[in-house]
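What follows is a set of notes on a single structure, which appears directly below.
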Amino acid sequence: MTDSTNRPPSVDTLARSLVDTGLPHPLLVDIAREAIAAGDPESAAARADAAKRSMLQRVINATGTLLHTNLGRAPVGVEQPFGYRNLELDLQTGQRGSRQSQAPMLLAKLCGAESAIVVNNCASAVMLILAALAGDKGVAVSRGELVEIGGGFRVPDVMEQSGARLIEVGTTNRTRRSDYERRIADPATDVAMVMQIHQSNYRITGFTEMPTTAELADLGVPLVSDIGSGLLDAACPWLTDGPPTWLAEEPAAKQTLEAGASLVAFSGDKLLGGPQAGVIAGDAELVGRCAAHPLARALRPGGLVLEALQDLALAYLRRDGQSIPFWRIATQPTESLRTRANALGVGSVVDTNAVPGGGTLPTVEIPSVGIALPGDHRAALRSAPTAIMARVEDDTTICDLRTVDPADDDALGEAIRALT
Ligand SMILES: *Cc1c(COP(=O)(O)O)cnc(C)c1O
């Protein structure tokens, strides 16, 4: 008689035993095969769990970084009922319409622009502007702005890919209006536009000088400002208490256009608080040239993104910042964070500093409150039913409540209790 307990289970039997994971059978077969090949069929359940964890899913952000690059930057959620969309159809006339006529127009209105279009992200917005407006001509950029912004976005590289010629102006720490004037006056440089790039995640301090947008607005060529983060209006009319103090130095689309920029480019998923997207807004003729360039077709966003942006723009127009998750969490009073932390009844309640993150506002801290736990519990918290991302400082785990949706407080409390 053979001893059936020592015989490895069949791939199929093992795969079927994992059906409760909810993973499709073909994936379970792969997992079962790997576990058996490793001589450890018992590991199949853990392998299936790891496979589930590798899927895109909602997570709880307790890091205190509001725009966490690894967590998709701004918190977003959309409920879009199944069905067709009038993505490129004018319901009034029944004629073909443009996907660039809803969300982009609302965004244009919000930043006081004549026109706007939406592309995949801010990097593609810059690429499209350069290709459409500069072609193989020169683009004047201050040496102080030839920066790399997180995720490998290097201004000189993007420029090279677009075909435009980079004309470096001034020095790393000091650039003046007269430096641009001299380069533009030199016929050999053939400058088609001036580009300002917000330094986003770094600062040059000390002996520095950089012309304002207004000073560069009338150089005789279009001025394009890559403001990066997508703050629509420095006055923040969507917030009852106006702009938070930590926004102080951040350039805003409306004011940059008012100061004379021909176009602004910005991301959808930073301070705008939306899905990944890039916005080009400003002068109607220049936006039109971008929209008409063949690259615009390759960089266009899908209907899911456009509808999410449209809903976001409507919330801004209603001045309802509290319905925009990013602004809701960014402006939560510290005292309500403390009340929530105390109500959890776990760990010790501590004062913390949250940060905007996402390559914005590098030196800014936002007062916050968190739960401190001795030791590094990040791995255990990541394996909670809804994964929780925390941070560690001085061998203490901090769960920062500013970035946690109050609806997740119970899940956070349970996961922390389960640690001990
Ligand atoms: C973040 C940023 C970008 C890149 O934006 P993506 O949307 O990630 O492509 C470009 N320029 C500036 C100034 C930025 O801050």
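- Residues Asp409 and Leu344 have side chains in contact (heavy-atom distance under 4.5 Å, counting atoms from C-beta outward).
- When all heavy atoms of Gly357 and Thr65 are compared, the closest pair comes out as CA-CG2, 3.8 Å.
- Taking SG of Cys122 as the start and NE2 of His198 as the end, the distance is 11.0 Å to the nearest 0.5 Å.
- Side-chain atoms of Arg47 do not come within 3.5 Å of backbone N or O of Ala32 as any donor-acceptor pair.
- A donor-acceptor contact shorter than 3.5 Å links the side chain of Arg99 to the backbone of Pro301.
- Distance alone, capped at 3.5 Å, places no donor-acceptor pair between the Asp394 side chain and the Thr396 backbone.
- Within the model, atoms CG of Asp136 and CG of Asp190 stand 8.0 Å from one another, a figure rounded to the nearest 0.5 Å.
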*Evaluate side chain to side chain contact (heavy atoms under 4.5 Å, CB included) for Val194 paired with Ile184, printing each intermediate quantity in order.*
CA-CA 9 Å; Val194 169; Ile184 292 170; 3.9 Å; yes

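- Other residues, nucleotides and ligands place no more than 12 heavy atoms under 6.0 Å from the CD atom of Glu160.
- Counting heavy atoms from C-beta on, the side chains of Leu106 and Gln310 come closer than 4.5 Å.
- Of all the heavy atoms in Ser142 and Thr175, the pair that sits closest is OG-OG1, 2.7 Å.
- Put simply, the side chain of Ser262 gets close to the backbone of Leu223: a donor and an acceptor are under 3.5 Å apart.
- Remark: Asp179 CG to Arg176 CZ distance equals 6.0 Å, nearest 0.5 Å.
- A donor-acceptor pair is defined here as one N or O able to donate and one able to accept, closer than 3.5 Å; no such pair exists between the side chain of Gln100 and the backbone of Ala116.
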*Check step by step if side-chain hydrogen bond (donor to acceptor under 3.5 Å, both in side chains) holds for Asn121 and Ser124.*
CA-CA 5 Å; Asn121 50 23; Ser124 34; 2.5 Å; yes

Under 3.5 Å, which donor-acceptor pairs link side chains of residues 363-371 to any protein atom two or more places apart or in another chain?
residue, atom, partner, partner atom, Å
Glu365, OE1, Asn353, ND2, 3.3
Ser368, OG, Asp400, OD1, 2.5

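- Crowding of Arg53 atom CZ: a count of heavy atoms from other residues, nucleotides or ligands under 6.0 Å exceeding 12.
- Under the 3.5 Å distance criterion, the side-chain polar atoms of Glu145 are matched with a main-chain donor or acceptor of Ile197.
- Within 6.0 Å of CD on Gln57 lie more than 12 heavy atoms contributed by other residues, nucleotides or ligands.
- At least one side-chain heavy atom of Leu231 sits under 4.5 Å from a side-chain heavy atom of Cys236.
- With no hydrogens or angles considered, a side-chain donor-acceptor pair links Asp320 and Ser323 at under 3.5 Å.
- Taking each heavy atom of Thr403 and Asn61 in turn, the nearest pair found is OG1-O, 2.7 Å.
- The two residues Pro75 and Ile329 make their nearest non-hydrogen contact at CG-CD1, 4.3 Å.
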_Please determine whether side chain to side chain contact (heavy atoms under 4.5 Å, CB included) holds for the pair Met389 and His68, giving the CA-CA distance in whole Å, both sets of side-chain angles, and the decisive distance to 0.1 Å._
CA-CA 10 Å; Met389 307 296 300; His68 198 298; 5.8 Å; no

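- Heavy-atom minimum distance, Gly138 versus Ile167: CA-CG1, 3.8 Å.
- What you find for Ala192 and Lys137 is that their closest heavy atoms are CB-CB, 3.6 Å.
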*Full working for side chain to side chain contact (heavy atoms under 4.5 Å, CB included) between Met55 and Leu23*: CA-CA 10 Å; Met55 302 286 163; Leu23 288 172; 4.2 Å; yes

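- A salt bridge links Arg177 and Asp218; the closest N-O separation between the charged side-chain nitrogens and carboxylate oxygens is under 4.0 Å.
- Look at Glu250 and Lys270 and you find no salt bridge, because none of the NZ, NE, NH1 or NH2 atoms lies under 4.0 Å from a carboxylate O.
- Salt-bridge formation is detected for the pair Arg58/Asp408: a Lys NZ or Arg NE/NH1/NH2 atom is positioned less than 4.0 Å from an Asp or Glu carboxylate oxygen.
- Under 3.5 Å, the side chains of Ser178 and Glu181 contain no donor-acceptor pair of N or O atoms.
- In this structure, the side chains of Leu309 and Leu312 come closer than 4.5 Å at one or more pairs of heavy atoms.
- Remark: Trp238 engages Tyr316, Trp327 in a ring pair (Phe, Tyr, Trp, His ring centres under 6.0 Å) (not counting sequence neighbours).
- Rounding to the nearest 0.5 angstrom, the gap separating the CD1 atom in Ile388 from the OG1 atom in Thr397 is 11.5 Å.
- Under the 4.5 Å side-chain criterion, counting only non-hydrogen atoms from C-beta, Thr352 is not in contact with Glu393.
- A heavy-atom distance below 4.5 Å is not found between the side chains of Arg85 and Leu306.
- Distance alone, capped at 3.5 Å, places no donor-acceptor pair between the Arg165 side chain and the Ala134 backbone.
- Remark: the backbone N or O of Leu304 is paired with a side-chain donor or acceptor of Gln80 at under 3.5 angstrom.
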*Hey, mind stepping through Leu401 and Arg338 against side chain to side chain contact (heavy atoms under 4.5 Å, CB included) and telling me if it holds?*
CA-CA 8 Å; Leu401 284 192; Arg338 197 180 313 282; over 6 Å; no

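- Counted by atom type alone, Asp226 and Gln196 present zero donor-acceptor pairs between their side chains at under 3.5 Å.
- Note that CD of Gln332 and CD of Gln322 are 8.5 Å apart. Values are rounded to the nearest 0.5 Å.
- A salt bridge is defined here as a Lys NZ or Arg NE, NH1 or NH2 lying under 4.0 Å from an Asp or Glu carboxylate O, and Glu414 with Arg417 fails to meet this definition.
- In this structure, Leu166 and Leu146 have side chains that are in contact, with non-hydrogen atoms separated by less than 4.5 Å.
- No donor-acceptor distance shorter than 3.5 angstrom exists from the side chain of Arg378 to the backbone of Ala390, with no hydrogens or angles considered.
- Side-chain contact between Leu239 and Asp241 is absent, with no heavy-atom pair separated by less than 4.5 Å.
- With rounding to the nearest 0.5 Å, the separation of CG in Leu128 from CG in Leu263 is 10.0 Å.
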